[in-house]
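Take a look at the structure below.
Sequence lines set the chain letters: A, B, ... in the order given, protein chains first and strands last, and positions in each chain run from 1.
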Protein chains: 2
Amino acid sequence: MAKRHLSLKDLATELNISISTVSRALRNHPDISPEITKKVQDLALAKNYTPNPLAMGLLKQETRMIGVIVPDLVTHFYSSIISGIEEFAKSRGYFILLASSYESIEREIESVSNLLKARVDGMIVCLSKETDRFEHFVRLIENEIPLVFFDRICLDDQVPCVAIDNKDAVEKIIHHFHEGGYQRIAFISGPAHLNISHDRVAGYLSGLKKYGLVFDPVLLRPCNMLIDEAIQITDEWLALPEPPDAIFGINDMVIFAVMQELRTRGIKIPEEIGVIGFADEFHASFSTPQLTSTMHPTREIGIKAAELFFKKMDDPSFSGTVVLQTKLAIRESSVRK
Amino acid sequence: MAKRHLSLKDLATELNISISTVSRALRNHPDISPEITKKVQDLALAKNYTPNPLAMGLLKQETRMIGVIVPDLVTHFYSSIISGIEEFAKSRGYFILLASSYESIEREIESVSNLLKARVDGMIVCLSKETDRFEHFVRLIENEIPLVFFDRICLDDQVPCVAIDNKDAVEKIIHHFHEGGYQRIAFISGPAHLNISHDRVAGYLSGLKKYGLVFDPVLLRPCNMLIDEAIQITDEWLALPEPPDAIFGINDMVIFAVMQELRTRGIKIPEEIGVIGFADEFHASFSTPQLTSTMHPTREIGIKAAELFFKKMDDPSFSGTVVLQTKLAIRESSVRK
DNA sequence: TTCCTCTCCGCAAAGCTTTGCAAGTAGAAA
DNA sequence: TTTCTACTTGCAAAGCTTTGCGGAGAGGAA
């Protein structure tokens, strides 16, 4: 199809000198005379020569590509993080090879394998919601392939991770609800094996305790992050003799589903039930009522993850988790008039 | 850093045969005896050998990577299309190299250049909103590098394109408003040089005519797709002696800004002003009131774009625009009770 | 004049794969 | 026994770049 790209050989032929001289001239090697150097560089510029990354990669044993695996591409949370990673990577001359696990561990494993086949220099990953075993990542570690996790993390004793302060984030939510006079705070959590779930549950328990609220096991429900499930749970709570007066959930999906269900049933937010989500600016601001939510520093997460990635490249023994703080953006859905 | 990947040489050394024999054995070449073939394949499987794409690329003059340039990564519209492209590409054994133009023509040009340096086999692109000159793409065409545009397109006499039926989409909107008794329909369009703008304007004009509505130039405003601008335009319309009774806009951003402004001013949707957007399911369904909107077949756009890409690879002379139909999802924001 | 020392440039290998061609062995035919 | 065919396998080049090392030429010193 495409015409062949220009190579050193082409330049060398045109100038009637050897390939190695051209190569050296382009890198300003002192062995090469100023005249030839100039002639070569001028021609390269005029003809728009760029070195062939395949050849370089073969030689240097690197592709300058980072594999990025996310649960999905369309959720704002992930696309924003990807955007951050991409920006930082680009500044270092690296490209991103994107793969989606579609929240499935099988496809996650497949993605790891595909990226490996593509010879990426390393990977930045957010676990799928199903991921409760990690052999596919252990294999990477054993082969000393740089790896970084973000948000949903594991193996953090060996792998650099970027996470938010999940416990603190939930305590902030409890605090805010408590201040507004809400008493029975319900939490739709995620799959138990995910760090974001149990860290947030920890925050839920410690938060309740801290503010002298009673823990009712009925009001803590794990879920698989599906809309129908969230609606189902909401229904069950509303059927309780003592239903909750506040609900928060583990992500956008879940909490918007709750809001819609409450609205369908004519339950007023925030008067009857206060609602808080983990959502992004755009969604939260344009919903009605505007949604109080924990704001993730998404772009920062991406940039930090990329930063750790390069650190890991330089120092294979590097690990440790960077914890970023969240901010509770208080809007209408949790503030009674 | 990472340990070297396994190569044919490693297998050859281990089996005490030549590299070429290993290569042939893996591809079931008839010249190789069944015993050796089996031995090689077993070892390759056991050791998890995968061919080095850099070497293959160098040899075959292809990278099996497609460069994808979008205005941004975080808008659902684009991420969903990317997801579609990725899926189709993966099924063909291709990877995607992602780049964002951030709606800037300079960064778009830079991205084209970066992807070229990375030696992608071709590109799939959605123009930035600023893009009103196309030399950077003409250069690709001249070098016979496969190129496909989607949504915001140009050079469609030489480049395969995927677009939606913009004119028809807007006519549907006008039709629906008209049926609901709305008379003064206002349209916040986009930059004049984009096809999506002028095609939709064409639909606006033909739609008004078709349904016997008067065209008032004041109610057709181009904008640069910024929130503040949309709010500003809304304000100006509301200050008119005869304000519009229906508004639709060129994308999510714009129309949510309008809704928020109307809400701030206590103007009832859809009773006083009907509103329709070009938005995605998720946003539209969870807003209040639920937003009537033109649904893009985003995933299909992505898949189709990828399909055309491969067609273009096979046949360099191929071009032509595939037009996909939209559907107007009627929800609350445009239906008076 | 002869030898030494710079200066400047080219050869060749390595990194990995595919593939045309040459070469080897074994068996069969003469 | 000799020669030819058929069957297997290996050599080497190409695709592109970097770099150690060897070499050629020029100039100066002895």
Tell me whether the side-chain N/O atoms of A:Gln61 come closer than 4.0 Å to OP1 or OP2 in C:dA14. no

Any side-chain heavy atom of A:Glu142 within less than 4.5 Å of one from A:Val138? yes

Any ion pair linking B:Lys38 and B:Asp42 (charged N to carboxylate O, less than 4.0 Å)? yes

Residue mapping more 5' on DNA chain D - nearest nucleotide basis, B:Pro34 or A:Lys60: B:Pro34

Can you tell me the distance, in whole Å, between the CD1 atom of A:Ile36 and the C1' atom of C:dC9? 8 Å

Trace of the side chain to side chain contact (heavy atoms under 4.5 Å, CB included) decision for A:Val112 with A:Ile69: CA-CA 8 Å; A:Val112 169; A:Ile69 307 179; 3.7 Å; yes

May I ask you to decide whether A:Arg152 forms a salt bridge with A:Glu103, counting only side-chain N to carboxylate O separations under 4.0 Å? yes

For A:Leu59, report the nucleic acid contact type (base, sugar-phosphate, nothing); a contact means any heavy atom under 4.0 Å. base

Rounded to whole angstrom units, what separation is found between the CD1 atom of B:Ile19 and the P atom of C:dT18? 11 Å

Side-chain N or O of A:Ser20 versus OP1/OP2 of D:dT19: is the shortest distance under 4.0 Å? no

NA contact type, A:Ile32, heavy-atom cut-off 4.0 Å: base, sugar-phosphate, or nothing? sugar-phosphate

With sugar-phosphate meaning primed atoms plus P, OP1 and OP2, does A:Arg24 contact a base, only sugar-phosphate, or nothing at under 4.0 Å between heavy atoms? base

Under 4.0 Å from OP1 or OP2 of C:dC16: is there any side-chain N or O of A:Arg119 that close? no

Return the value, rounded to whole Å, for the distance between atom CG of A:Leu8 and atom P of C:dC11. 15 Å

At under 4.0 Å between heavy atoms, what does B:Ser7 touch on the DNA or RNA strands: base, sugar-phosphate, or nothing? sugar-phosphate

Can you find a donor-acceptor N/O pair under 3.5 angstrom joining the side chain of A:Thr21 to the base of C:dC8? no

Does a side-chain N or O of A:Ser18 approach OP1 or OP2 of C:dG10 to a distance below 4.0 Å, or not? yes

What is the distance from CG of B:Leu26 to C1' of C:dT17, rounded to the nearest Å? 11 Å

Roughly how many Å is it from CD in A:Glu62 to P in C:dA14, rounded to a whole number? 20 Å

Cation-pi check, B:Arg64 onto B:Phe95 ring (under 6.0 Å, within 45° of axis): no

Considering only C:dG10, C:dC16, C:dT19, which nucleotide approaches the side chain of A:Ile17 most closely? C:dG10

Quick one: label B:Asn52 by what it contacts on the DNA or RNA (base, sugar-phosphate, nothing), any heavy atom closer than 4.0 Å. sugar-phosphate

Closest non-hydrogen atom pair, B:Thr131 against B:Ile105: CA-CD1, 3.8 Å

Once you apply a heavy-atom cut-off of 4.0 Å, does B:Lys9 come out as touching a base, just sugar-phosphate, or nothing? sugar-phosphate

Without decimals, in angstroms, what is the distance between A:His29 NE2 and C:dC9 C1'? 11 Å

Can you measure B:Met56 atom CE to D:dA14 atom C1' for me and round it to whole angstrom units? 14 Å

Comparing B:Thr50 and B:Asp31 on DNA chain C - which has the more 5′ nearest nucleotide: B:Thr50

Give the rounded distance in Å between these two atoms: NZ of A:Lys39 and P of C:dC8. 14 Å

Counting just side-chain N and O atoms, does B:Tyr49 come under 4.0 Å of either OP1 or OP2 of C:dC16? no

Identify whether any heavy atom of B:Ser33 sits under 4.0 Å from a base atom; if not, whether one sits that close to sugar-phosphate; answer base, sugar-phosphate or nothing. sugar-phosphate

